[in-house]
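Working notes for the structure below.
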2 protein chains.
Amino acid sequence: MRTINTRDFSRATRSTSRQINRLILLNLVRELQPISRADLARRMAVGRGMVTTLVKELLAEGAVYEGALADVPRGRRPKMLHVRTRDRLVVAIDIRFSRTYVLLSDFGGNEMALESFATIFNPDQLLDELAIRVRRLLRTRATGGHCEGIGMVVPGMVDRRGRVLNAPQLGWRDVQIRSGLAERTGLPVHVENSGAACALAHIWLGPGEGGNGVRDFVYVTVSDGVGTGVVVNGELVRGHGHTAGEFGHIPIGPDGPRCVCGAQGCLEAHTSNLATVARYVGHEQSPAVAPPLFPQDGITMDDVIVRAGAGDERARAALTETGRYLGLGLAAIVNALNPAQIVIGGEITGAWDLVEPAIRAEIARRALTREAAGTPVVPEPAGSLPRLRGAIALVAAPVYAAPEVG
Amino acid sequence: MRTINTRDFSRATRSTSRQINRLILLNLVRELQPISRADLARRMAVGRGMVTTLVKELLAEGAVYEGALADVPRGRRPKMLHVRTRDRLVVAIDIRFSRTYVLLSDFGGNEMALESFATIFNPDQLLDELAIRVRRLLRTRATGGHCEGIGMVVPGMVDRRGRVLNAPQLGWRDVQIRSGLAERTGLPVHVENSGAACALAHIWLGPGEGGNGVRDFVYVTVSDGVGTGVVVNGELVRGHGHTAGEFGHIPIGPDGPRCVCGAQGCLEAHTSNLATVARYVGHEQSPAVAPPLFPQDGITMDDVIVRAGAGDERARAALTETGRYLGLGLAAIVNALNPAQIVIGGEITGAWDLVEPAIRAEIARRALTREAAGTPVVPEPAGSLPRLRGAIALVAAPVYAAPEVG
DNA sequence: GGACTTTAGTTCGATCGACGAACAAGAGAG
DNA sequence: CTCTCTTGTTCGTCGATCGAACTAAAGTCC
């Protein structure tokens with residue numbers, strides 16, 4: 001039940017129906033490949049004739065290709081269809097506090113080459129370095145493919161025009177990085193916040209080969225900071241100023257540690273890796289300065305997790321405490337948005353057996369309905385590179401996105 | 001950038017384009033009436049011929065009607081079009097803790113008859129009473145019109161099938177009220193949570209005659225409880241289990257008063273009318289029992305507002321304190337969803353001069369970007385009956401809603 | 001091995017709807 | 001009365017869906 005925006009709508013023209021059906025067909029191929037024309041016709045409840053003409057168009061454009069004949073028990077053997085991803089390339093860039101990662105990938109999310117370097121905090125120098133690496137990657141590793149764009153993920157807020165409004169970890173404020181990289185490389189560049197990008201990755205390249213069925217979820221990354229991406233009806237919510245998704249700064253205790261955002265008691269201040277490490281080390285207060293001192297007393301989040309696994313009671317307590325606070329924040333999200341699922345990413349998933357029960361208990365305690373109390377909270381599989389996959393999705397998603405109508 | 005739902009999509013058929021354009025046209029008439037065919041053609045960037053045929057259809061169905069000829073400086077005088085609302089009737093019902101309101105209205109939100117009675121807490125008896133009153137209203141006051149349905153608003157959570165999951169103020173749990181009233185009256189019945197309904201009213205019957213331009217906002221009702229309705233891209237967010245919008249229960253202080261939901265430190269526990277009155281009267285703790293004892297020590301929220309207006313310093317302090325806590329909650333909403341606007345409803349808007357500065361200060365302090373810090377917070381005009389207008393919108397909105405495509 | 005059945009994919013005419021041009025209907029200006 | 005300007009209608013064209021007929025390719029039955 002959406003209102004029609006009478007100030008800026010898109011009317012149906014002669015070609016609208018065809019566009020819609022072409023996109024539906026392309027998405028069906030994407031999610032169900034390999035698939036035959038006859039199968040597509042059945043799924044779309046349409047005559048096979050129409051599928052023939054639509055596929056003919058998509059074949060001519062190179063959006064799909066014909067694969068092998070399938071074996072069927074009776075009748076003529078169908079010619080299977082696939083989406084063309086192999087020679088459509090993307091450069092995904094993940095800028096983090098410690099290191100910056102550059103990945104060459106195809107549209108399907110298959111990794112072709114991954115490299116990284118220590119993050120340069122001067123934006124111009126960083127873009128210079130990135131441009132050099134992108135060009136080199138494309139020259140040496142992109143054999144026979146065409147690069148369709150660059151997706152870049154940043155730990156901070158980004159506006160619609162690719163300007164970084166505020167990235168406390170990098171010390172950036174109002175930095176235009178999209179146009180900078182676009183000019184240097186001559187490629188279209190997309191920039192997004194890391195939490196939002198992870199959510200995008202989960203929509204478009206999620207488990208189950210190109211999108212799992214969940215269309216309402218919240219992605220929460222627990223890392224140096226706490227980022228969130230909100231997805232409603234298969235669409236990432238970015239808000240009026242494109243800065244939605246900062247659930248990391250909902251207050252869950254006014255007397256808690258001071259947060260990098262300046263306020264006190266934020267979810268992030270209680271549950272970031274820094275907070276967990278600080279809790280383990282002993283000082284309950286995390287430092288108020290930004291960028292945060294990363295390896296604190298030489299101990300990292302991974303160390304805490306390893307020690308907890310080895311039976312260190314103080315480490316276990318620090319992690320379950322983090323889980324409890326995280327559960328408090330997730331309960332707020334559950335009540336506020338009632339998602340079908342919450343996905344957790346970040347190092348903390350390495351101690352899932354310790355963290356999950358604390359999260360679950362807190363959600364069950366504070367959720368307002370029985371159904372909401374049972375909202376699944378699932379960890380992102382380790383090593384799945386969600387930020388980089390999000391960067392890929394930034395480039396690949398527009399090709400498959402639903403048309404705006406009405 | 002929405003994904004196409006490959007499990008449940010709507011393909012474009014021969015008539016899809018026509019449906020889309022008809023709905024756009026109907027919405028243009030709704031928002032810009034009176035309007036001529038030629039104007040519609042210009043706005044839709046379409047030939048006048050198409051407008052003629054579309055309007056002919058809408059006229060035949062009775063969705064629009066032709067009004068008077070307009071005066072223009074040159075050329076043939078255009079025949080103005082209007083949407084037919086006058087004889088399309090709705091019964092709106094608002095069930096509250098103290099009283100239940102029944103309003104007969106037309107599709108345009110014009111009030112024809114309003115009555116109320118003390119709420120009966122037994123659902124069956126309440127539905128009996130409502131059925132009697134609905135029938136009487138329609139028999140005596142609905143002259144020459146046809147009732148297209150009943151919209152019912154409840155202070156609690158409602159599922160998609162019109163079952164009240166939990167309404168603590170009424171003491172209801174798992175009560176099917178939609179089918180109960182539908183059977184008694186023979187009319188289609190829609191049931192919604194009151195916060196969501198207020199947001200709906202603001203989308204569909206908002207200031208500016210049928211929808212203001214704001215398509216991303218959050219409506220917050222501060223009353224016996226704190227309800228919220230989240231609107232993203234002109235669409236009410238209801239979540240997976242249809243219970244989204246309970247921002248009233250985000251934690252903003254773990255050591256705060258106990259909330260009716262069982263948890264501690266909820267936004268609602270700090271900012272409901274009950275909390276404000278309790279703060280004024282002196283006990284910082286509100287009673288833990290539900291339903292709440294409404295007139296506490298004989299003093300109501302309205303009393304506090306009146307006394308604050310008369311210069312009572314304790315009343316003023318209680319209200320600004322409520323504003324401060326409310327600002328804390330709204331800051332969380334601003335960071336999480338980045339709405340273009342926040343709308344506040346409820347008795348508290350009667351002391352807006354006291355409350356607003358506190359809210360604004362708290363949002364400015366905690367918002368993460370300069371733009372978000374300036375998010376407009378506007379009060380719903382007093383006496384605008386937002387809940388009942390929401391109930392009307394429940395029935396009227398589906399007629400004008402955008403088609404689901406893709 | 002030839003007829004029959006079954007399924008996949010293509011072709012083609014019917015019909016519907018957008019689109020643009022021509023046309024009729026008012027209304028004021030000169 | 002004629003010219004101009006604007007509104008609203010009509011009609012032929014063209015693009016797209018839709019269903020029926022047709023071809024292609026496989027296995028099965030007698």
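Quantities reported herein were computed from a predicted structural model and do not represent experimental measurements. All chains are named by letter (A, B, ...) in the order of the sequence lines, taking the proteins before the strands, and each is independently numbered beginning at 1.
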Contact class for [X] (heavy atom, under 4.0 Å): base, sugar-phosphate, or nothing?
X       : result
B:Thr53 : nothing
A:Arg14 : base
A:Thr52 : base
B:Ser17 : sugar-phosphate
B:Gly47 : nothing

**Message:** On DNA chain D, does the nearest nucleotide to B:Met80 precede the nearest nucleotide to B:Gly75 from the 5' side, or the other way round? Give the residue.
**Reply:** B:Gly75
**Fill in**
Result for 5'-nearest mapping on DNA chain D, choosing between B:Ser15 and B:Ser36, is B:Ser36
Could you check how far [atom1] of [X] sits from [atom2] of [N], rounded to whole Å?
X       : N      : atom1 : atom2 : answer
B:Glu57 : C:dG17 : CD    : P     : 7 Å
A:Arg77 : C:dG9  : CZ    : P     : 12 Å
A:Met50 : C:dA8  : CE    : P     : 18 Å
A:Met44 : D:dG19 : CE    : P     : 14 Å
A:Leu40 : C:dT7  : CG    : P     : 18 Å
B:Gln19 : D:dT17 : CD    : P     : 15 Å
A:Arg22 : D:dT17 : CZ    : C1'   : 16 Å
B:Arg37 : C:dG26 : CZ    : C1'   : 14 Å

Taking OP1 and OP2 of [N], is either one under 4.0 Å from a side-chain nitrogen or oxygen of [X]?
X       : N      : value
A:Arg48 : C:dT11 : no
A:Arg11 : C:dC19 : yes
B:Asn21 : C:dA18 : yes
B:Arg42 : D:dG8  : no
B:Lys56 : D:dT10 : yes
B:Arg18 : C:dA18 : yes
B:Arg76 : D:dC5  : no

Just wondering, are more than 12 heavy atoms of other shown residues or ligands nearer than 6.0 Å to [atom1] in [X]?
X        : atom1 : answer
B:His240 : NE2   : no
A:Arg84  : CZ    : yes
A:Arg11  : CZ    : yes

**Prompt:** Any ring-ring contact (aromatic ring centres under 6.0 Å, His included) pairs touching residues 34-75 of chain A, not counting sequence neighbours?
**Reply:** A:Tyr65-A:His82
**Prompt:** A:Leu54 versus A:Leu25: any side-chain heavy-atom pair under 4.5 Å?
**Reply:** yes
**Asked** Between A:Arg43 and A:Glu31, is there a salt bridge with N-O shorter than 4.0 Å?
**Response** no
**Request:** Salt-bridge test for B:Glu66 and B:Arg37: reply yes if a basic N is under 4.0 Å from a carboxylate O, no otherwise.
**Result:** yes
**Request:** May I have the step-by-step check of side-chain contact (heavy atoms from CB on, under 4.5 Å) for B:Ser36 and B:Met80, ending in yes or no?
**Result:** CA-CA 5 Å; B:Ser36 68; B:Met80 302 311 260; 4.0 Å; yes
**Asked** In residues 61-74 of chain A, which ones come under 4.0 Å of DNA chain C, going by heavy atoms?
**Response** A:Arg74
